[in-house]
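The structure appears right after this line, and notes come after that.
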Amino acid sequence: DTSVLAGLYGPAEAKISKELPDRAALEVLLRPKVGLPGVLERSREQLLRQTCEAVVLGVLHPRTAITLVLQVLSDAGSLLSCCLNAACMALLDAGLPLAALFCGVTCALQPDGTILLDPTARQEQEARAILTFAIASSERKVLMANTKGSCSVEEMQQCLAAAQRAADAVFQFYRDSVRRRYSKS
Amino acid sequence: PQGRLLCGPGLRRSGAGLLVTKCGLLRHRPAGGGAYWVDSQQKRYVPVKGDHVIGIVTAKAGDVFRLDVGGSEPASLSYLAFEGATKRNRPNVQVGDLVYGQFVVANKDMEPEMVCIDSSGRSSGMGLIGQDGFLFKVSLGLIRKLLAPKCEIIQELSQLYPFELVLGMNGRIWVKAKTVQQTLIIVNILEACEYMTAEQRKQALAKLSGN
């Protein structure tokens, strides 16, 4: 199973070189399970950062730094959407002001045209194209789309529709986890 | 709903409607025109005007002290903001001391400022916190629970040992009891209170008072 550990620190004091005068500076660090972070981790960090900046209300905390650290514990496919879900749960748990929630869904397009949601590593290798979408909770808008491989425009629209339907299940999971946490206190 | 509606923490006005920005339980107080707010759990403190907090003195810069209050910036406290302080009569505050005060300026654009006197010039319990005792950090939700009127936890603890307690809205609690062991026992109970139900707490206290 794919699992990612997320830790969020903030809003904390920012270095003068990094602080922005009107909003919070969001930084994402992604650490792979083995080895040093490389170019792939850097590009994923930027994707996550831009997705999070779209939902976090940074204007409420100017000149601060929000740091999100993600550690990959195990990778069995659909890593990017697992990171997106972990990031959203970390933002929820820390109590940062958010405009909307988001979730990550991965679609694999197989050579015969069928769509597989949340593929395993094996299915990802056999697929023709892998699409990852970050979907917001407000009217299921698309925040981020990442494609590996080639597919036609209609296939992408079909994958998007399937991902939007699957996003409901993820948001329900968020809701259940939060409810369990608040029922204890 | 018509009439005036007060938005508390966790809610923001966006256009014609309301936006919920934090996750938690939605609460409603019907008194005085109706107020809605979201009770959320968090550990990081954001300075709010009027909050009473415990700060740690980190530096003395001329006429002001810099205090660490657990937010994103250090707060400033002028040496004249103590009861009975004049330019000749400075308060005896050193680096590393604990100070209990309230915020007089705290918004997102400016550095937070604290004072240790209230609007009439009296200290009303604020000021330098004495030597000894133990300072520790808990989540903000537990502090709000402890500050509610008629809190059972504090009443039950006071039947166990006599102690002094200062609660800061930034999640910091300072406890002092007669011996070090009693202080540590109270610290452990307060930290565990966040996750214990009322029955578990009563059992733990009964075991301790029986010892």
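Being a predicted model, the structure only gives us computed values, none of them experimental. Letters go in sequence order (proteins before strands), and every chain restarts at 1.
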(message) If I measure from the heavy atoms of chain A, does B:Val20 come under 4.5 Å with its side chain, its backbone, both, or neither?
(response) backbone
(message) Need one label for B:Asp109: side chain, backbone, both or neither, based on atoms under 4.5 Å from any heavy atom in chain A.
(response) both
Give a yes or no on this: more than 12 heavy atoms of other residues, nucleotides or ligands lie within 6.0 Å of atom [atom1] of [X].
{"X": "B:Lys60", "atom1": "NZ", "value": "yes"}
{"X": "B:Gln155", "atom1": "CD", "value": "yes"}
{"X": "A:Arg128", "atom1": "CZ", "value": "yes"}
{"X": "B:Glu111", "atom1": "CD", "value": "yes"}
{"X": "B:Lys176", "atom1": "NZ", "value": "yes"}
{"X": "B:Phe136", "atom1": "CZ", "value": "yes"}
{"X": "B:Lys202", "atom1": "NZ", "value": "yes"}

(message) If I compare all heavy atoms of B:Arg12 with all of A:Leu60, which pair ends up nearest, and what's the gap?
(response) NH1-CD2, 3.0 Å
(request) Mind listing the closest non-hydrogen atom pair of B:Val46 and A:His61 along with its distance? (result) CG2-CE1, 3.8 Å
(message) Can you tell me how far apart NZ (B:Lys108) and CG (A:Asp22) are? Round to the nearest 0.5 Å.
(response) 9.0 Å
Please classify the contact between [X] and chain B as side chain, backbone, both or neither, with a heavy-atom cut-off of under 4.5 Å.
{"X": "A:Val55", "result": "neither"}
{"X": "A:Arg63", "result": "side chain"}
{"X": "A:Leu57", "result": "side chain"}
{"X": "A:Ala12", "result": "both"}
{"X": "A:Asp93", "result": "backbone"}
{"X": "A:Leu96", "result": "backbone"}

(message) In the structure I gave you, are the side-chain heavy atoms of B:Pro74 and A:Glu13 within less than 4.5 Å of one another anywhere?
(response) yes
(request) Give a yes or no on whether the backbone of A:Pro11 and the side-chain of B:Arg44 come within a donor-acceptor separation of less than 3.5 Å. (result) yes
(message) Sub-4.5 Å heavy-atom contacts with chain B: which residues of residues 97-117 of chain A show up?
(response) A:Pro97, A:Leu98, A:Ala99
(message) At a heavy-atom distance under 4.5 Å, which candidate from B:Gly70, B:Cys23, B:Gly24, B:Ser72 has the highest pair count against chain A?
(response) B:Ser72
